[in-house]
J.: 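Have a look at this one before I ask anything.
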Amino acid sequence: MHQIIDFRSDTMTLPTPAMREAMARADVGDDVWEEDPTVKRLEAMAAERLGKEAGLFVTSGTQGNLVSVCAHTQPGQEVVLDIDCHIFNAEVAGSARLGGVQMRPLKTPRGFLSPDQVRESIRPANIHLPQTGLVCLENTHNGHGGTCMTPEETAAVAAVAHGANVPVHLDGARLFNAAVALKRPASDFTRHVDSVTFCVSKGLSAPVGSVVCGARDFIARARRFRKMFGSGMRQAGIIAAAGIVALETMVDRLADDHVNARTLAEGLARLPKVSIDLTSVQTNIVRFSVERPGGVDELVKGAAARNVKVHAAGPTSIRCVTHKDIDADDITKALEVFEDITARW
Ligand code: TLP
């Protein structure tokens with residue numbers, strides 16, 4: 001049992017003893033010179049798992065997406081993506097500011113672009129129009145509650161983009177959650193996209209980092225952008241070592257987080273003034289809304305006072321994320337806290 005039950009994000013996970021051990025012992029070198037054996041091992045391992053030629057260790061998911069957008073596009077081009085996705089909403093407009101691209105956000109029912117939407121959004125050749133430079137997808141979809149896009153849905157969208165010579169980037173910050181939830185190899189989700197970023201620092205519990213995977217020439221361009229953005233990291237094997245442990249030992253256990261999220265969601269659904277779409281709870285994210293003025297604040301503050309931390313995702317919505325530092329007993333305890341707070345609603 002842990003003292004604080006922290007549902008704010010799976011980024012809150014602390015490194016495991018095995019990770020700390022691997023970090024202490026990591027064989028390292030200067031990674032800007034491509035001489036850090038541990039970073040190279042993580043990159044190769046990630047690329048192999050996702051069926052790509054090469055990998056690039058980056059500081060964060062945000063940086064992975066940014067270097068990918070920059071490496072795929074030219075300034076002035078347009079990027080097609082879902083309106084609720086992380087790249088459009090939560091990456092400080094980095095792609096616009098640093099990549100010089102224009103975003104073309106489209107409204108979707110579950111966070112996933114359809115093949116028709118992509119077909120209709122790709123710009124025809126015309127002197128007035130921007131050129132479509134990239135399509136971005138997100139799996140699992142954070143804003144829609146950790147929903148999963150199937151490999152087949154991904155393939156159908158990518159086929160349309162590729163038919164117009166437009167590459168596809170996948171923000172797979174929580175890609176392994178989708179793979180575990182749908183019981184498919186992670187490479188099934190990445191086969192049809194040109195590049196993918198996944199995070200070792202979320203449910204996989206490593207302290208820092210993400211890996212971008214793609215074709216060798218794409219990764220070479222992404223590497224130059226990573227350097228431009230100030231993240232040539234020298235003896236980065238110290239942190240990459242934890243990423244290796246994450247990939248080797250922390251993927252299968254994500255299934256436990258999904259069970260805990262489901263139990264939490266079903267408990268929340270029984271509370272007064274709480275509304276939750278249980279079909280959206282497919283992995284480790286639980287989003288729900290509170291239909292009572294000031295209710296979000298009451299829940300966030302009331303729960304925090306009893307050592308349960310939740311994230312106010314909007315004026316009427318709360319997000320809870322399950323992860324390895326929250327077990328089944330914690331879910332029971334947290335539900336008791338939420339029941340007490342909402343008892344008089
Ligand atoms: N998301 C964070 C916050 O920024 C909201 C979280 O706690 O969930 N893509 C997706 C789908 C993400 O959810 C995130 C992180 C990122 C990219 C960015 O990763 P980092 O935080 O490593 O830059």
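Numbering of ligands and ligand atoms starts at 1, following listing order.
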J.: Is it true that Arg41 and Glu248 make a salt bridge, defined as a side-chain N closer than 4.0 Å to a carboxylate O?
T.: yes

J.: Name each donor-acceptor pair under 3.5 Å that joins a side chain in residues 303-316 to protein atoms two or more places apart or in another chain, with its distance.
T.:
| residue | atom | partner | partner atom | Å |
| --- | --- | --- | --- | --- |
| Arg306 | NH1 | Asp340 | OD2 | 2.8 |
| Arg306 | NH2 | Asp340 | OD2 | 3.2 |

J.: Ignoring hydrogens and angles, write down the donor-acceptor pairs under 3.5 Å from the side chains of residues 99-110, residues two or more places apart or on other chains.
T.:
| residue | atom | partner | partner atom | Å |
| --- | --- | --- | --- | --- |
| Gln102 | NE2 | Glu78 | OE2 | 2.8 |
| Arg104 | NH1 | Glu78 | OE1 | 3.3 |
| Arg104 | NH1 | Ser121 | O | 3.0 |
| Thr108 | OG1 | Asp82 | OD1 | 2.9 |
| Thr108 | OG1 | Gly111 | N | 2.8 |
| Thr108 | OG1 | Phe112 | N | 3.3 |
| Arg110 | NH2 | Glu153 | OE2 | 2.9 |

J.: Taking non-hydrogen atoms within less than 4.0 Å of ligand 1, which protein residues qualify?
T.: Ser9, Ser60, Gly61, Thr62, Asn65, His86, Glu91, Glu138, Asn142, Asp171, Ala173, Arg174, Lys202, Arg319

J.: Are the charged groups of Lys40 and Asp31 less than 4.0 angstrom apart, N to O?
T.: no

J.: Donor-acceptor check, side chain of Lys324 to backbone of Leu204, threshold 3.5 angstrom: yes or no?
T.: no

J.: Can you give the donor-acceptor pairs under 3.5 Å from side chains of residues 156-166 to other protein atoms, not counting sequence neighbours?
T.:
| residue | atom | partner | partner atom | Å |
| --- | --- | --- | --- | --- |
| His162 | ND1 | Ala158 | O | 3.3 |
| His162 | NE2 | Asp194 | OD2 | 2.7 |

